[in-house]
Amino acid sequence: MTYDVEAIQAKWQQVWADLDLFTAEDRAVDEKPKLYALTMFPYPSGDLHMGHAEVTALHDVIARYGWLRGYEVLNPMGWDSFGLPAENAAIRNDEHPATYTYANIETQASSFRNYGLSFDWSRRLHTSDPEYYRWTQWLFLKFRERGLAYRKSSPVNWCPVDQTVLANEQVVDGACERCGAEVTKRELTQWYFKVTDYAQRLLDDMEHLEGRWPERVLTLQRNWIGRSTGAQVQFRIEAPHLEDSSRTVGVYTTRPDTLFGATFMVVAADAPLAAQLCAPEQREEFEAYLAEVRKESDISRLATDKPKTGVPLGVEAINPVNGERIPVWAADYVLADYGTGAIMAVPAHDQRDLDFARAFDLPVRRVVDTGDPNPEETGIATAGDGVYVNSASDLATLNGLTDKTAGINSIVAALEETGAGTGAVNFRLRDWLLSRQRFWGCPIPIVHCPDCGEVAVPEEQLPVVLPDLKGADLKPKGVSPLAAATDWVNVACPDCGGDAKRDSDTMDTFVDSSWYFLRYCSPEYTDGPFDPEAVRRWGPVDQYVGGVEHAVLHLMYSRFFTKVLHDMGMVDFIEPFSSLLNQGVVINKGKKMSKSLGNGVSLGEQLAEYGVDAIRLTLVFAGPPEDNIDWADLSPGGALRFLQRAWRLSGDVTSEPGVDPATGDVALRKVTHRTVHDAAELIEGMRFNVMVARVMELVNATRKAIDSGAGGADPAVREAVEAVSVLLSLVAPYTAEEMWERLGHAPGIARTSWPVVDESLLVAEAVTAVVQVQGKVKARLEVSPEIPADELERLALADETVQKAIDGRAVRKVIVRAPKLVNVVV
RNA sequence: GCCCCGGUAGCCCAACGGCAGAGGCAGUGGUCUCAAACACCAUCCAGUGUGAGUUCGAAUCUCACCCGGGGCACCA
């Protein structure tokens with residue numbers, strides 16, 4: 001018999017397909033605990049790569065372990081199958097995006113099957129199927145009914161290459177997250193989800209995820225939400241050219257206590273407010289400046305060392321706390337879409353304001369004396385604590401105070417009393433821009449009617465199916481290709497029956513993936529996006545596995561969806577993913593694998609060379625799951641050799657199945673039971689690499705027992721090899737199944753049970769106690785694990801080398817940690 | 001600039017505050033072979049990034065620094 005990788009794989013793939021081992025039974029959940037184990041579904045671009053191989057190998061350990069421990073496991077797989085690559089491929093090849101998409105899905109599905117994963121294929125879904133996106137549309141309409149989906153005109157991120165708008169989360173360092181092109185701004189009317197309504201809850205509920213999600217992800221989300229507290233302060237603007245010759249402008253500040261130091265006001269040049277306030281004599285200068293600002297890309301605008309620019313608007317604002325008149329400027333260092341788009345500038349205590357003041361020779365007034373040199377002279381703003389100065393008026397007085405919190409509270413109280421301001425909270429998080437000017441996505445189920453306005457497509461007319469466009473029809477034109485599909489876009493208004501047009505944008509694909517984990521619970525359900533009963537049964541996801549690149553995208557959006565659905569009474573939990581594992585990425589020779597670097601490692605070739613089990617084992621054994629793996633450090637050949645060694649054990653067992661291990665070699669039995677016991681703990685702690693090392697140890701011990709100890713006929717050897725098979729089945733299912741068969745068992749090791757650990761075999765009858773003198777090891781004693789402390793101390797002090805080390809000195813203290821250690825202090 | 005995470009053998013990684021080594025890779029020596037590869041057996045290898053501190057005892061806890069990786073960065 002030889003270990004023939006290809007033959008073993010081919011043989012068991014067939015058998016497993018017939019056995020149907022991993023279909024999750026809905027009803028079974030009423031009788032046993034459930035485990036919803038989910039790995040992020042892939043986008044179907046080409047075949048699977050090393051990254052997929054890693055994440056699914058890790059995830060499969062968890063799912064398979066669940067089955068062995070008696071859980072009913074829901075482990076579904078599907079495809080996030082809307083998206084740009086398919087559209088680009090369709091343009092290139094003059095075909096329909098579906099052709100590319102579904103061909104790739106079939107390729108990946110077959111690769112997944114070959115890879116021996118324990119997916120429940122009966123629940124497979126694709127977000128680009130009309131039966132799926134019908135419910136994405138339905139959810140959009142429900143969100144809209146609740147005021148959570150709305151349209152507004154605003155300057156948005158525009159990717160000139162992909163010819164579509166992007167959400168804030170998809171812009172990285174001013175560039176398109178997908179294609180890397182420099183993102184510009186455009187004023188467009190677009191659909192948004194009102195995520196900001198949920199900002200506080202998204203922040204607060206992270207408390208439930210503490211310790212169960214990587215700290216890194218929680219920090220990332222906290223930063224992204226960016227909650228800050230301060231005050232909203234109203235400034236009156238008086239100018240003859242304004243309607244009623246005056247109006248108020250609110251500014252948000254985290255330092256209302258420095259209000260006396262405000263020496264000018266700045267409005268974001270690209271905010272509508274700036275144009276409204278601008279005095280006629282400044283109009284020309286302002287327009288010229290605004291044009292400059294608009295031309296700038298985010299990349300140059302975000303450069304922190306860029307000199308400050310701006311123009312005066314020719315109006316003055318009145319500081320509500322002391323009635324002082326301060327000039328109002330327009331500048332690009334103030335953001336139009338944060339707070340009110342306007343700020344009070346306190347140059348003495350804010351570096352950005354100080355830079356601006358120095359550039360335009362505006363006054364600087366210190367109101368907090370921190371003991372540092374005067375910012376006006378040094379050009380360095382002071383933000384620390386200090387004593388308030390120059391801060392007194394009829395309305396409020398801070399002078400002499402030294403406590404910042406007291407200063408803030410006092411000013412806010414004064415503002416609230418006079419109605420000139422209130423305490424306020426602000427978030428960095430913006431609403432989620434979900435419109436995309438592309439074809440291969442979920443159509444937005446809205447009709448625009450000249451008479452009725454925005455009209456929802458009635459539920460019974462869902463899904464709004466994509467028209468049959470392909471090739472050149474899909475070329476980016478800056479408007480959605482759907483707008484040019486006249487047969488599709490022209491439609492009768494559902495309300496009045498008059499001529500109307502469909503909304504021609506499609507949804508961001510992150511909308512599709514924000515609820516797919518719920519659909520898996522009842523993928524065939526036709527009365528709603530999911531059967532609430534099924535979701536009650538399976539939800540939430542107990543263990544989610546995926547890459548950290550989705551820390552503020554998919555994970556935040558899914559949390560938002562779950563909370564909205566909770567408020568709609570459709571799910572009874574508030575967080576979708578109870579526990580999260582972020583696997584590292586597979587790199588090669590210290591660098592990310594990429595075509596341009598020529599350091600890509602082909603998964604297909606590796607699988608062909610070493611076999612599925614060896615590659616899976618290599619990836620799982622490489623290190624802690626969350627660490628990055630460098631393929632150059634790994635040895636699939638070593639993994640294959642180990643598997644062969646393990647497999648050979650199964651041929652050396654000569655006892656019959658079912659033989660009582662109690663009569664077997666105790667030393668080997670102890671190793672077996674200790675290994676099984678520890679393996680469970682290691683898996684539960686996601687320490688799969690260590691678990692594999694322990695199985696290797698057991699294999700070595702068993703080999704030794706067969707060759708130079710108990711011999712192949714000993715029942716303990718059968719027990720050990722069976723344990724090896726079961727433990728190995730989590731990582732190397734083909735080899736494990738083959739071993740299981742050679743041991744005389746029926747196929748289906750994946751659905752056997754976890755070996756029962758005999759606690760009595762976990763205690764050693766003798767342990768080595770270490771005796772230290774001054775913390776240095778001097779002697780070792782073989783003692784009973786139950787040895788009393790005083791007895792151990794007596795033995796230790798009686799030891800000859802110990803006495804020699806003490807060398808006649810007085811013993812000051814003896815620390816005894818029975819049965820493992822004694823430390824003598826002299 | 002700010003915030004996280006990590007530095008243990010030539011390499012990847014283990015080690016409830018208690019003997020620095022579980023496992024693997026590579027290396028070396030042997031068995032097998034006409035020879036080699038494979039396989040098998042044996043074996044070499046660091047005092048834990050640096051410096052202080054706490055402790056009977058520190059890779060582990062504390063502080064500072066160095067190096068590497070990641071995140072945030074005109075958000076008022």
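Just so we're on the same page: letters track the sequence lines, and every chain starts at 1.
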S.K.: Is there a Watson-Crick or G-U wobble partner for B:A73 with both distances under 3.5 Å, and which nucleotide is it?
M.R.: none
S.K.: Indicate whether OP1 or OP2 belonging to B:A73 is found under 4.0 Å from a side-chain N or O atom of A:Arg428.
M.R.: yes
S.K.: For A:Ser635, answer base if it contacts any base atom (sugar-phosphate contacts may also be present), sugar-phosphate if it contacts only those atoms, and nothing otherwise; contact means non-hydrogen atoms under 4.0 Å.
M.R.: sugar-phosphate
S.K.: Has A:Tyr333 got a side-chain N or O lying under 4.0 Å from the OP1 or OP2 atom of B:A76?
M.R.: no
S.K.: Would you say A:Asn689 places a side-chain N or O within less than 4.0 Å of OP1 or OP2 belonging to B:A14?
M.R.: yes
S.K.: The side chain of A:Val825 lies closest to which of these nucleotides: B:G24, B:A14, B:C56?
M.R.: B:C56
S.K.: Should A:Ser228 be listed as having a side-chain N or O under 4.0 Å from OP1 or OP2 of B:A76?
M.R.: yes
S.K.: Can you tell me if the side-chain N/O atoms of A:Arg648 get under 4.0 Å from OP1 or OP2 in B:C40?
M.R.: yes
S.K.: Expressed as a whole number of angstroms, how long is the span from A:Tyr610:OH to B:C25:C1'?
M.R.: 12 Å
S.K.: What's the closest nucleotide to the side chain of A:Lys308 if the choices are B:C74, B:A14, B:C25?
M.R.: B:C74
S.K.: Please classify the glycosidic conformation of B:G47 as syn (within 90° of 0) or anti (everything else).
M.R.: syn
S.K.: Please confirm whether the shortest side-chain N or O distance from A:Asn628 to OP1 or OP2 of B:G70 is below 4.0 Å.
M.R.: no
S.K.: Which of the following nucleotides, B:G71, B:C41, B:G23, is nearest to the side chain of A:Leu220?
M.R.: B:G71
S.K.: Can you tell me the distance, in whole Å, between the CG atom of A:Asp707 and the C1' atom of B:C40?
M.R.: 9 Å
S.K.: Which nucleotide, in any strand shown, forms a Watson-Crick or G-U wobble pair with B:C38, with both distances under 3.5 Å?
M.R.: none
S.K.: What's the closest nucleotide to the A:Asn700 side chain, out of B:C13, B:A76, B:G23?
M.R.: B:G23
S.K.: Tell me which nucleotide among B:A22, B:G23, B:G18 gets nearest to the side chain of A:Glu697.
M.R.: B:A22
S.K.: Find the distance A:Asp627:CG to B:G69:P and express it as a whole number of Å.
M.R.: 15 Å
S.K.: Check this for me: does the side-chain of A:Gln772 come within 3.5 Å of the base of B:G18 through a donor and an acceptor?
M.R.: yes
S.K.: Does A:Phe264 have its ring centroid less than 6.0 Å away from the ring centroid of A:Phe356?
M.R.: yes
S.K.: Hey, does the side chain of A:Lys820 come within less than 4.0 Å of B:G18's phosphate (OP1/OP2), counting only N and O?
M.R.: no
S.K.: Hey, does the side-chain of A:Asp633 have a donor or acceptor N/O within less than 3.5 Å of a partner on the base of B:C12?
M.R.: no
S.K.: Who does B:G47 pair with, Watson-Crick or G-U, both distances under 3.5 Å?
M.R.: none
S.K.: Nearest heavy-atom pair of A:Leu728 and A:Ala646: which atoms, and what distance?
M.R.: CD2-CB, 3.9 Å
S.K.: In whole Å, I'd like the distance from the CZ atom of A:Arg674 to the P atom of B:G23.
M.R.: 16 Å
S.K.: State, with a plain yes or no, whether a side-chain heavy atom of A:Tyr338 is found less than 4.5 Å away from one of A:Arg430.
M.R.: yes
S.K.: So which nucleotide does B:G10 pair with, by the Watson-Crick or G-U wobble rule with both distances under 3.5 Å?
M.R.: B:C25
S.K.: Rounded to whole Å, how long is the line connecting atom CZ of A:Phe427 with atom P of B:A76?
M.R.: 12 Å
S.K.: To the nearest Å, how far apart are A:Lys778 NZ and B:G57 P?
M.R.: 15 Å
S.K.: With a 3.5 Å limit on both atom pairs, tell me what B:C32 is paired to, counting Watson-Crick and G-U wobble, or say none.
M.R.: none
S.K.: Rounding to a whole Å, what distance do you find between A:Arg694:CZ and B:A15:P?
M.R.: 11 Å
S.K.: State whether A:Arg645 places a side-chain N or O below 4.0 Å from either non-bridging phosphate oxygen (OP1 or OP2) of B:C40.
M.R.: yes
S.K.: Between B:C25, B:A76, B:A14, which nucleotide has the shortest distance from any of its atoms to the side chain of A:Leu335?
M.R.: B:A76
S.K.: Just name whichever nucleotide pairs with B:C61, Watson-Crick or G-U, keeping both distances under 3.5 Å, else none.
M.R.: B:G53
